[in-house]
A.B. asks: 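Structure in structure tokens, see below.
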Amino acid sequence: IPKWKEAMAKEVGVQLKFDTYEIVRRDSLPRNTNVMKSGVTLLRKRHHGTGQVSRYKARLYCCGYSQRPGMEFDPGGIFSPTPRAASVRTLVSNICQRRMLMRGADVSAAFLHVPVTEESGLYMEMHPQMPLVHPFFAAASAGTHVLKLKKYLYGMKQSSNQWYNY
């Protein structure tokens, strides 16, 4: 099995574990429903010293540029609050002065925790490679089926804001 297929199968497996989407027939969609495009990015992780590839990673995402303002997202709700650099420096300085322990945190598959709130539903094209990498998609065809999103995906305009407010 090629490494990229393994990486895509793992990514899709995580999304299925979080019940991120369901397969629906394209002809069952309401009229004038926008179906957003999907994409896959393949990333390689390397060892620091040797330069050899240690791990392959894939990311299945929704192409946010195919979303329609006012239909699939609220134009006023696409911001993601981030701290100012001065605030982070002040926090770290206070922690050091008090000799406290500081730990980092990361939320694995962060956006996959947040349920979709749009009542009309969000739909995404099924990537053509998906039936090749995971048995869940074996009976579906990229031309006749789409994915109805139950959770937000990477690349969507409102994903960061929805995760922050969740």
Side-chain angles (χ1 to χ4, degrees), residues 2-22 34-127 129-130 133-134 136 147-166:
K3 298 289 185 189
W4 67 268
K5 268 190 176 180
E6 287 179 23
M8 274 187 70
K10 186 174 180 184
E11 171 73 1
V12 168
V14 168
Q15 291 178 351
L16 290 174
K17 177 183 158 193
F18 283 98
D19 195 29
T20 307
Y21 38 68
E22 63 182 319
N34 184 37
V35 180
M36 298 173 282
K37 295 180 180 170
S38 65
V40 173
T41 298
L42 298 172
L43 309 166
R44 290 186 298 229
K45 303 288 182 180
R46 297 182 180 270
H47 282 299
H48 293 291
T50 63
Q52 290 188 346
V53 177
S54 62
R55 187 179 119 190
Y56 288 83
K57 182 162 178 60
R59 173 76 67 213
L60 175 68
Y61 60 91
C62 181
C63 298
Y65 63 81
S66 61
Q67 289 183 272
R68 297 178 299 187
M71 300 295 281
E72 286 92 25
F73 72 96
D74 173 19
I78 59 173
F79 66 93
S80 178
T82 55
R84 295 173 54 191
S87 300
V88 174
R89 285 193 299 270
T90 301
L91 177 65
V92 171
S93 174
N94 283 334
I95 289 171
C96 291
Q97 286 175 353
R98 294 186 172 113
R99 300 185 188 280
M100 297 170 74
L101 180 64
M102 184 172 77
R103 294 188 180 172
D106 185 24
V107 178
S108 178
F111 296 152
L112 303 183
H113 293 276
V114 186
V116 167
T117 57
E118 282 74 11
E119 292 177 18
S120 60
L122 296 174
Y123 299 89
M124 181 178 81
E125 294 282 351
M126 191 165 60
H127 195 274
Q129 298 295 325
M130 290 173 95
V133 299
H134 203 281
F136 178 77
L147 301 175
K148 181 177 182 180
L149 300 178
K150 297 179 182 180
K151 307 282 177 78
Y152 289 98
L153 280 180
Y154 299 96
M156 296 176 74
K157 293 184 182 284
Q158 70 272 41
S159 294
S160 297
N161 181 270
Q162 293 294 339
W163 182 80
Y164 177 78
N165 290 323
Y166 182 61

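Numbers for residues simply follow the sequence, beginning at 1. Worth knowing before you read on, the calculation uses all heavy atoms, side chains too, and leaves out hydrogens, waters and symmetry mates.
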A.B. asks: Starting at CG of Leu16, measure out to CD of Glu11 and round the result to the nearest 0.5 Å.
C.D. replies: 10.0 Å
A.B. asks: Does some side-chain heavy atom of Arg103 sit less than 4.5 Å from a side-chain heavy atom of Leu101?
C.D. replies: yes
A.B. asks: Between Thr117 and Tyr152, do the side chains contain an N or O donor and an N or O acceptor separated by less than 3.5 Å?
C.D. replies: yes
A.B. asks: Using a 3.5 Å distance criterion without hydrogens, assess whether the side chain of Glu22 forms a donor-acceptor pair with backbone atoms of Leu149.
C.D. replies: no
A.B. asks: Minimum heavy-atom separation for Gly39 to Cys63, with atom names?
C.D. replies: N-SG, 4.2 Å
A.B. asks: Judged by atom type as modelled, is there a donor-acceptor pair below 3.5 Å linking the side chain of Asn34 to the main-chain atoms of Gln67?
C.D. replies: no
A.B. asks: Is there side-chain contact between Val133 and Trp4, with heavy atoms separated by less than 4.5 Å?
C.D. replies: yes
A.B. asks: Quick one: are Leu60 and His127 in side-chain contact, heavy atoms under 4.5 Å?
C.D. replies: yes
A.B. asks: After noting the C-alpha distance and the side-chain angles of Lys17 and Leu112, does the key distance pass the side chain to side chain contact (heavy atoms under 4.5 Å, CB included) rule?
C.D. replies: CA-CA 10 Å; Lys17 177 183 158 193; Leu112 303 183; over 6 Å; no
A.B. asks: Within a radius of less than 6.0 Å around NZ of Lys150, do more than 12 heavy atoms belonging to other residues, nucleotides or ligands occur?
C.D. replies: yes
A.B. asks: Can you find a pair of side-chain heavy atoms, one from Leu122 and one from Met36, that are under 4.5 Å apart?
C.D. replies: yes
A.B. asks: Minimum heavy-atom separation for Glu125 and Ser38, please, with both atom names.
C.D. replies: O-OG, 3.1 Å
A.B. asks: May I ask you to check whether over 12 heavy atoms, not counting those of Arg68, lie within 6.0 Å of atom CZ?
C.D. replies: yes
A.B. asks: Side-chain contact, heavy-atom cut-off 4.5 Å: Lys57 with Thr41?
C.D. replies: no
A.B. asks: Which atoms form the tightest heavy-atom contact between Met156 and Cys62, and what is the distance?
C.D. replies: CG-CB, 3.5 Å
A.B. asks: Evaluate the side-chain proximity of Leu42 to Met8: yes if any heavy-atom separation is below 4.5 Å, no if none is.
C.D. replies: yes
A.B. asks: Rounded at 0.5 Å granularity, tell me how far CD in Gln15 sits from OH in Tyr154.
C.D. replies: 8.5 Å
A.B. asks: Which class fits the ring pair Phe136 and Tyr21: parallel under 30°, tilted 30 to 60°, perpendicular over 60°?
C.D. replies: tilted
A.B. asks: Please check if the side chain of Ser159 supplies one atom and the backbone of Leu153 the other of a donor-acceptor pair under 3.5 Å.
C.D. replies: yes
A.B. asks: Determine yes or no for a side-chain-to-main-chain donor-acceptor pair under 3.5 angstrom, with Thr20 supplying the side chain and Lys151 the backbone.
C.D. replies: no
A.B. asks: Taking the side chain as every heavy atom from C-beta outward, state whether Met124 and Lys148 have any pair of such atoms under 4.5 Å apart.
C.D. replies: no
